[in-house]
Amino acid sequence: MEDRDTLVNLYYTMVLIRRTEEKILELLLQGKLASSMCHVSIGQEAVATGVCSAMQPQDYLTSTHRGHGHIIARGGDLRRIIAELLGRETGYCKGRGGSMHLVDVQLGHLGSNGIVGGHIGIATGAALWSSLQNDGRVTVAFFGEGAMTEGIFHEAANMAALWRLPIVFVCENNQYAMSLPWTHATAEHSFARKGEAYGMPGIEVDGQDVLAVRQVALQAIERARRGEGPTLIGAQTYRFLGHSRGDPSPYRDKEEEARQRARDPIRLYQEHLFREGIMTQADVDALEAKVAEVIADAVRFAEESPPATLDSVLEDVFA
Amino acid sequence: MEDRDTLVNLYYTMVLIRRTEEKILELLLQGKLASSMCHVSIGQEAVATGVCSAMQPQDYLTSTHRGHGHIIARGGDLRRIIAELLGRETGYCKGRGGSMHLVDVQLGHLGSNGIVGGHIGIATGAALWSSLQNDGRVTVAFFGEGAMTEGIFHEAANMAALWRLPIVFVCENNQYAMSLPWTHATAEHSFARKGEAYGMPGIEVDGQDVLAVRQVALQAIERARRGEGPTLIGAQTYRFLGHSRGDPSPYRDKEEEARQRARDPIRLYQEHLFREGIMTQADVDALEAKVAEVIADAVRFAEESPPATLDSVLEDVFA
Amino acid sequence: MRRIRYREALREALREEMQRDPRVFVIGEDVGRYGGAYAVTQGLLQEFGPKRIIDAPMSEAIIVGAALGAAVVGGRPVAEIMYIDFATLAMDQIVNQAAKLHGMFGGQLKAPLVIRTQQGTGRGAGPQHSQSLEAWFAHVPGLKVVMPATPYDAKGLLKSAIRDDNPVMFIEHKGLYALEGEVPEDEYTVPIGVADVKRPGNNVTLIAYSNMVHTALAAAQELSQIGISAEVVDVRTLAPLDMDTLIASVTKTRRAVVIHEASVFGGFGAEIAASLQERLFDILAAPVRRLGGLHVPLPAHSQLEKQVVPGVTQVVQVVKEMIGAEVAVRSTSA
Amino acid sequence: MRRIRYREALREALREEMQRDPRVFVIGEDVGRYGGAYAVTQGLLQEFGPKRIIDAPMSEAIIVGAALGAAVVGGRPVAEIMYIDFATLAMDQIVNQAAKLHGMFGGQLKAPLVIRTQQGTGRGAGPQHSQSLEAWFAHVPGLKVVMPATPYDAKGLLKSAIRDDNPVMFIEHKGLYALEGEVPEDEYTVPIGVADVKRPGNNVTLIAYSNMVHTALAAAQELSQIGISAEVVDVRTLAPLDMDTLIASVTKTRRAVVIHEASVFGGFGAEIAASLQERLFDILAAPVRRLGGLHVPLPAHSQLEKQVVPGVTQVVQVVKEMIGAEVAVRSTSA
Ligand SMILES: Cc1ncc(C[n+]2csc(CCOP(=O)(O)OP(=O)(O)O)c2C)c(N)n1
Ligand SMILES: Cc1ncc(C[n+]2csc(CCOP(=O)(O)OP(=O)(O)O)c2C)c(N)n1
Ligand SMILES: [Mg+2]
Ligand SMILES: [Mg+2]
């Protein structure tokens, strides 16, 4: 059994992601974001939260265009995240990456990426270095199911399994890649079969159940750390909103949306916590208040920060 | 049961490939080849022969850097093949493609390729067009097992299975990609599992047994023609010589080589034909004589042909 | 004349060619149900059905490969790569396969294939969604490279590209989709390989393509206020390049500025500048100047992004320098 | 001084850097057991073992990706792409990932990664194994591009590339591996970003890199017979480009020919020519000329291949034209 702190932290993280992204959408509508690119993960919080909770401090991860949740769950600095989105010099990328390029090398977060699947290479390489050095670290590569049909996924999965690299491939299957349903992306939907092609276990998990995700991730990460090689996790989840702003998702069935939204991972987990007597409504209210404060502080920090400058862009072309 | 003509033709084709490639090696040593690139398929003749014998005249194929066998088995013009290798204007590519770029559009041979896996895209596209047009054609994509770990294989296999394209993926697994043994290329060697990842059957066959290859190919091609989608065939074979000239294959176990060479597909088939009373030694001798004549004629034709010219290179940049 | 947007002009070209020729089809990511990331193919799925507007899985290499294969056996595909930045995933298929197919195979095969894509800044889309990579493709023998600046050219050139028997990189600009311009109702095409004088002038030639044509036109307008008459030549097709039109213009004006959004360093402007000085050395009154992007990864921040690519002020400034410098030289040598 | 071959010089650089720094490792296809397709890494597997000389599966994208990832977390990888033509399969990893990593992430990450590859004609290797693609990489901000012509430079520059904290495209030439040259036994490096005057002269500057340096040197030799003194400048590093050295030379000679094997059209020579005329317009006695490959898919036929790329005769011819033309102009205007 998990201790109370862990269980409450999972809830806190999910709420923090949700509220932060709600705030980001608000800032977006106010025209405050410095870049037009912004993809929120509302509805998918349990995956980032469950997986990151299973990681050790020394571990690495790489992330996607829909990566706010990953960096928040990894303990990223909300101030620097919001500052990045507002295009400030204090942002994680000094304002020049925006929502798609968050990174925190101190936390082993090796960057989110605008090229679907592009960062899987970096993740594989980090795991290769860990394997060569035998440094005990594990790398987690998050990606959407859209990345599964890109060539780089194939090459990375094959190499990782071949060399038993300490990496966990976490597919957040939110059922759509922009407008393309997963049913129209591939003829084989079993993650077990997809993993087996490389000689690697493929495990499906309910991505709306944070505890289930955590369990599967703990096992896969420990397996990787023991030197037994990679695992492919297929976390079944759903993108509650459109692909990005201005996408009302007309290509999705409204009934399907309603059915999926009914399985809100935060609400499901809250019910569980209430049922098990781990948290009360009062606890939740206090937690929400704390989250609101943290977010308000981050926004304040960002808004007071100096804007990004061209000079710093010019300085950073070469290391 | 197959009729005698078919059975004898299979033998003829295998011998023609073998003797042609022996002649090519001779021309190479004499310094007569116009290009330095040349990869022979000695030891692998049963795969090209068995598969091509299962194709219909209207079908397409694409081929590899090790593609002499495919074009010969498809009925390619030996004169134009040798002329191409000798760099003559009468060659299939007017002397500017060489051994790696044979092609015969009249025969539905859509080209061999110097980029490992590169032509799998073209094959998939030909099959896509057949599917859109419902023209009853099937495309065969030949490739070595080295191509299986390239991203393009993954993307093509996934698309073909998803859309049930009329294509057959024929992997000639000769166990090595240059010096890389198949055991070091992937952790999963089952073609069934590799195919299943895309929702497509994967079938292994003894690539040294021309009749077995033919049977598997007939089934896969008919399946494709019925609109039931692609098949991945893994034909287990062996490259009797080095990867290319000047490769004595020091990375291969000599015992393994001896064991594999003992399973010469031509000899195995000859024994079968003798056993079944389909051919006699006299028949074989006559057939060899005919093959020798055909090759001599092709070499003569090529040597008498005018050399390739820069003018024609300049003309053909755009269609 | 009727005015429509660049994206609508492109859509009309696709629709008309699909109506005219049943072999034409579209394949790409989100081209059907979504209508294209920049809404160019909106409505075409409903009109032509899923066998002619094909939503592909996320697999850029095989999207181009499949289009190429279909082209080889009789189709006339238009493959869409959503951002040119993702063409990096299909370079083998474009460069080693499509571009070389005709020549490499001794003329036996041909690849009547259009690759539609878009590039450039203007939406703060960041370092991996805003690059301008036309110079790569122009450098590849066997590829045609087309970059329309106006709705009229977009429609006419796309129709020509679809009818062309060669692989054509058709590079749109994300900042132009909403641009309105005159487009006739009647059928027309614009030939590939022909540059276009978008504004006549006498003192200097501004050579540009894609979005920078509009920057050049605005600069020409501003220069006219101070008595400098600038001719604006829209290159339109980078390969094959219409040097004749450029040479005719610069022979007249004796001064040229080449402007593009791509990084100046190693950009296509270098080809034009190098050629012009080779051909018109004795005629040029000043060196050919180049204006282009700074050699940096493009920042996502919209304000920074603007500072990285050339603007009207810089064009005007450079022209003033050129003409001023020359006057200065003339007066000292006199 | 000791003379060794280009391939041995490269091998020494790898060996010395691997001995010096345990973080350096090699990854690529057939680099171990096979010793490299062009035998550069021969013997290194035996010396350093399979954890430092890594035979990868045929997966060019992940070879670069894995090297990049290792570089980000502390390794100093040298990834080998067997032919530059296959870099088309890894362009996203090279261009969108490695090159942008440092700038895009606000300086937080760095990618000390060398991508060794080789290119060019000389072996009749055909259209998909003989391309010269350096211009693509030079155009990408965040990449360094190095192209050594001699064993000395090959060794010294590879050592510098391995020590550099940025991604370096290290482009060798397949026709140079057997070339012998002087290489000291003692430790040395050659700095990235510095061009080299390989032969001094006064009447014309021949600007070249990689194998064309030798063509330029042979041409200079021939020109000296007819009283023309040619300076040969080896660019060595395309990015960052050492314009100062080029400008100093051309300021002296007042004439320049840029020579590379890649297709002239859109080639890197255009950048050099365009820059020179921009900077030295009043000094140049003749237009900057460019010599490069014909704009065609490279034929596999060795004899045809030779006709496609520039040779000594052409260089001599162009220089004679330049100097002759100028004399002609001078005499008519006199
Ligand atoms: C290589 C590449 N192709 C296309 C795109 C455009 N694009 C951005 S996100 C996206 C969908 C990605 O789907 P998925 O991987 O499932 O992630 P999700 O958006 O569902 O989180 C597409 C097509 C891209 N960024 N990169
Ligand atoms: C994309 C690519 N990578 C590397 C090479 C160099 N190369 C040519 S053949 C070969 C081995 C191919 O192995 P396989 O596919 O098994 O075919 P085989 O040679 O065994 O017939 C390699 C590495 C290439 N031509 N293309
Ligand atoms: Mg998705
Ligand atoms: Mg093989």
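Chain letters run A, B, ... following the sequence lines, proteins first, then strands; residues in each count from 1. Model, not experiment: these values are computed from the prediction.
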Measuring heavy-atom distances to chain D, does [X] have an atom under 4.5 Å in its side chain, in its backbone, in both, or in neither?
X: C/V258; result: neither
X: C/L284; result: both
X: C/V288; result: both

D/S275 to C/R290 - nearest heavy-atom pair and separation: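 Smallest interatomic distance, heavy atoms only, reads OG-NH2, 3.3 Å.
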
Closest non-hydrogen atom pair, C/G103 against D/P297: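 Result for this residue pair: CA-CG, 4.4 Å.
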
Selection from [options] maximising heavy-atom pairs under 4.5 Å formed with chain D:
options: C/A262, C/P141, C/A87, C/G266; value: C/P141
options: C/V140, C/L89, C/L133; value: C/V140
options: C/E271, C/E60, C/K100; value: C/E271

Options D/P299, D/A99, D/A138, ranked by heavy-atom pairs under 4.5 Å with chain C, top entry: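 Going by pairs under 4.5 Å, I would pick D/A138.
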
Pairs of heavy atoms under 4.5 Å with chain C: top-ranked of D/A239, D/G293, D/S263: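 Option with the greatest count: D/S263.
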
Atom pair CG (C/L143) and NE2 (D/H295), whose distance is rounded to the nearest 0.5 Å: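 The CG atom of C/L143 sits 8.0 Å away from the NE2 atom of D/H295.
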
Nearest-0.5 Å distance that lies between atom CD in C/Q277 and atom CZ in D/F281: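 CZ of D/F281 is found 9.0 Å from CD of C/Q277.
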
Step-by-step side chain to side chain contact (heavy atoms under 4.5 Å, CB included) determination, D/Q128 to C/M104: CA-CA 9 Å; D/Q128 297 173 330; C/M104 172 164 95; 3.4 Å; yes

C/Q131 and D/N96: side chain donor to acceptor below 3.5 Å: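 Present: a donor and an acceptor within the cut-off.
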
Side-chain donor/acceptor of D/H139 to backbone N/O of C/F265, under 3.5 Å: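 Pair found, side chain donor or acceptor close to backbone of C/F265.
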
